[in-house]
Participant: 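Got a structure for you, written out below as structure tokens; questions coming shortly.
In this chain, residues are counted from 1 in sequence order. Model, not experiment: these values are computed from the prediction.
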Amino acid sequence: MNIHEHQGKEILSGYGVEIQRGYVANTPEEAVEVAKKLSEDTGTGWWVVKAQIHAGGRGKGGGVKLAKSLDDVKQLASEIIGMTLVTHQTGPEGKKVNKILIAEDVYYPGESETEEYYMSVLLNRETGRNTIMYSPDGGVDIETVAEKTPERIFKEEIDPRVGLQGFQMRRIAFNLGLSGMAFKQMTKFVNSLYNAYLGCDASMFEINPVLKTSDNKIIAVDAKVNLEDNALYRHKDYLAMRDLNEEDPTEVEASEAGLSFVKLDGNVGCMVNGAGLAMATMDIIKLSGGNPANFLDVGGTADAERVEKAFRMILKDPNVKAILVNIFGGIVRCDRVAQGVVDAYNNMGNIEVPIIVRLQGTNAEEAKVIIDESGLKVESAIVLQEAADKVKAVLA
């Protein structure tokens with residue numbers, strides 16, 4: 001589950017990470033009021049107006065602006081709230097900004113120069129270990145750094161048997177070129193950040209930039225956080241942070257129905273049981289000349305009600321030109337799935353999009369008979385290649 005910057009910072013602060021402080025506003029008028037409060041709390045004379053959406057690259061898209069007066073705060077808030085913000089992570093359609101964060105200015109003058117770093121904590125699935133990835137080149141797209149200067153990206157893998165060690169925290173601070181008070185502050189920052197990652201069962205914490213201020217404080221200026229869905233039962237308070245406005249409506253509907261659904265940009269709808277089979281199905285669709293329009297896993301109980309819900313979700317996409325149902329009958333019998341498809345089809349009335357049903361496994365032959373004798377415009381297949389050929393013929 002993705003959460004907003006201000007929510008990620010709230011979590012970080014609870015674990016002792018120093019953050020760029022701020023308050024959320026939903027209207028320009030509210031933005032002015034929280035800007036006044038922020039000045040009282042922090043002494044800041046300038047404010048950063050930041051769009052709150054689940055995407056990076058907000059600054060480049062015009063979603064992060066510096067306000068030097070309360071009039072600026074109101075004007076910038078008026079421009080950003082309600083805008084459709086397009087970044088490299090939102091896609092061309094962009095995302096509507098419903099709220100903003102009014103944050104303190106932390107780039108104040110002092111005895112030393114400010115510096116920006118990149119830091120993230122995530123799981124390295126190849127080694128099965130949590131990894132801290134960091135770079136002295138913060139404030140820019142880490143992908144660009146990785147492509148042009150990969151030697152500027154460092155990694156610390158944490159052995160789960162002993163946890164994050166002191167020498168690793170010191171090595172991170174050293175590789176970032178820090179010394180003195182800033183060095184000590186960075187080791188503390190890294191330790192607190194890693195504790196936050198573990199404590200809230202996150203799948204990723206990304207801070208870009210981590211700022212060394214002119215008085216050698218280490219501050220999280222941004223926070224991109226993804227919480228592990230399967231661990232949310234342990235953090236019921238985090239569930240309140242979910243912003244459904246930031247999620248695809250069909251994916252939200254699927255989640256409520258207990259279905260795994262991810263919308264894609266293709267023209268062939270997929271309905272399968274099992275993630276591995278879903279990946280194979282999408283591959284065969286590509287090989288047949290089509291493009292998958294979605295990932296949809298109905299799980300092990302593909303009854304009529306569940307199949308009908310899946311069909312309705314797929315058909316909401318106007319780009320779908322065909323639907324491929326690919327079910328392996330192990331836990332669930334193929335004839336039950338076939339009857340579910342027929343019942344769902346009848347309940348929904350006339351479906352103009354061609355449907356190809358491939359059922360393999362327990363009672364596959366009986367399932368084919370049910371489909372073939374249904375009198376519906378549904379084609380059956382047993383071999384996956386046969387199903388792919390039928391998809392290709394439909395798209396031709």
Side-chain angles (χ1 to χ4, degrees), residues 1-13 19-108 116 139-141 205-209 211 219-227 237-253 263:
M1 182 182 79
N2 289 317
I3 59 177
H4 287 293
E5 171 195 353
H6 68 92
Q7 295 167 326
K9 285 180 173 177
E10 180 182 337
I11 291 175
L12 287 171
S13 181
I19 62 170
Q20 178 194 37
R21 292 164 293 181
Y23 298 109
V24 177
N26 298 289
T27 66
E29 293 73 23
E30 190 177 352
V32 172
E33 292 305 311
V34 300
K36 292 178 181 177
K37 178 172 173 41
L38 189 60
S39 292
E40 294 173 359
D41 293 345
T42 68
T44 187
W46 290 359
W47 305 265
V48 185
V49 184
K50 311 177 83 173
Q52 297 296 281
I53 61 170
H54 290 173
R58 293 169 297 162
K60 290 183 178 179
V64 179
K65 300 285 187 179
L66 179 64
K68 299 182 178 180
S69 68
L70 292 175
D71 288 339
D72 285 350
V73 170
K74 187 172 185 178
Q75 178 62 36
L76 292 173
S78 301
E79 296 172 2
I80 295 176
I81 295 175
M83 75 179 291
T84 299
L85 184 56
V86 179
T87 78
H88 67 285
Q89 292 187 10
T90 64
E93 68 280 1
K95 284 192 173 185
K96 183 180 178 181
V97 179
N98 296 304
K99 54 187 172 183
I100 56 176
L101 175 65
I102 305 299
E104 64 177 325
D105 173 33
V106 289
Y107 291 80
Y108 44 79
E116 293 182 331
V140 297
D141 295 333
F205 263 93
E206 183 180 65
I207 316 297
N208 189 23
L211 178 71
I219 295 177
V221 176
D222 194 10
K224 185 176 180 182
V225 178
N226 186 280
L227 302 175
D237 51 332
Y238 293 162
L239 279 172
M241 295 182 174
R242 186 179 183 188
D243 188 348
L244 298 181
N245 293 322
E246 291 291 314
E247 301 180 31
D248 183 275
T250 308
E251 293 183 13
V252 173
E253 180 184 351
K263 189 178 182 305

Participant: Which distance, rounded to the nearest 0.5 Å, do you find between the CD of Glu104 and the OG1 of Thr42?
Facilitator: 5.0 Å
Participant: Let me confirm one number: the CD1-CG distance from Ile219 to Leu12, rounded to the nearest 0.5 Å.
Facilitator: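 It is 12.5 Å, given to the nearest 0.5 Å.
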Participant: Which of these passes side chain to side chain donor-acceptor pair (under 3.5 Å) with Lys9: His6, Gln7, Glu5?
Facilitator: Glu5
Participant: Hey, what do you get for CG (Leu38) to CG (Asp105), rounding to the nearest 0.5 Å?
Facilitator: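 One gets 10.0 Å once the value is rounded to the nearest 0.5 Å.
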Participant: Starting at CG of Asp222, measure out to CD1 of Ile207 and round the result to the nearest 0.5 Å.
Facilitator: 7.0 Å
Participant: Return the minimal non-hydrogen interatomic distance between Arg242 and Leu244, and the atom names on each side.
Facilitator: NE-CD2, 3.3 Å
Participant: Could you check Val221, Ile102, Ile100, Ile80 and say which one makes a side-chain contact (heavy atoms from CB on, under 4.5 Å) with Lys50?
Facilitator: Val221
Participant: What pair of heavy atoms forms the shortest contact from Gln20 to Ala103, and how long is it?
Facilitator: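 Looking at all heavy atoms of both residues, the closest pair is CD-CB, 3.6 Å.
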Participant: In Å and rounded to the nearest 0.5 Å, what is the CG to OH distance from Leu66 to Tyr107?
Facilitator: 11.0 Å
Participant: Less than 4.5 Å apart, any side-chain heavy atom of Tyr238 and any of Ile11?
Facilitator: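 Yes; the side chains approach each other to less than 4.5 Å.
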Participant: Return the CD to NZ distance between Gln75 and Lys65, rounded to the nearest 0.5 Å.
Facilitator: 11.5 Å
Participant: Go through the steps to decide whether Val24 and Val34 satisfy the test side-chain contact (heavy atoms from CB on, under 4.5 Å), and finish with yes or no.
Facilitator: CA-CA 8 Å; Val24 177; Val34 300; over 6 Å; no
Participant: Considering all heavy atoms of both residues, which atom of Ala35 and which atom of Trp47 are nearest to each other, and what is their separation?
Facilitator: O-NE1, 3.0 Å
Participant: Given His4 and Lys99, is the side-chain contact (heavy atoms from CB on, under 4.5 Å) satisfied, shown in steps?
Facilitator: CA-CA 10 Å; His4 287 293; Lys99 54 187 172 183; 3.6 Å; yes
Participant: State which residue, out of Lys95, Lys224, Arg58, fulfils the side chain to side chain donor-acceptor pair (under 3.5 Å) condition with Gln89.
Facilitator: Lys224
Participant: Checking the side chain of Thr44 only, and the main-chain atoms of Ser39 only, is there a donor and an acceptor separated by less than 3.5 Å?
Facilitator: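 No, Thr44 side chain to Ser39 backbone: no donor-acceptor pair under 3.5 Å.
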Participant: What do you reckon, is CD of Glu10 surrounded by more than 12 foreign heavy atoms closer than 6.0 Å?
Facilitator: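 12 or below, so no.
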Participant: Taking all heavy atoms of Ile81 and all of Ala25, pick out the closest pair and write down the distance.
Facilitator: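 That would be CD1-O, 4.4 Å.
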Participant: Can Asp243 and His54 be counted as having a side-chain donor-acceptor contact under 3.5 angstrom?
Facilitator: no
Participant: Looking at Lys37 and Glu40, is there a salt bridge between them, counting it only when a charged N and a carboxylate O are closer than 4.0 Å?
Facilitator: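 Result for this pair is no, no salt bridge flagged.
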Participant: For Glu79 and Val49: C-alpha separation, side-chain torsions, deciding distance, then whether side-chain contact (heavy atoms from CB on, under 4.5 Å) applies.
Facilitator: CA-CA 10 Å; Glu79 296 172 2; Val49 184; over 6 Å; no
Participant: Measure across Gln52 and Glu246 and return the closest heavy-atom pair with its distance rounded to 0.1 Å.
Facilitator: O-OE2, 4.1 Å
Participant: Can you name the closest pair of heavy atoms from Leu85 and Gly63 and give their distance?
Facilitator: CD1-N, 3.8 Å
Participant: Between Ser78 and Lys74, is there a donor-acceptor pair closer than 3.5 Å when you use the side chain of the first and the backbone of the second?
Facilitator: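 Yes, the answer is positive, given that a donor and an acceptor are paired below the 3.5 Å cut-off.
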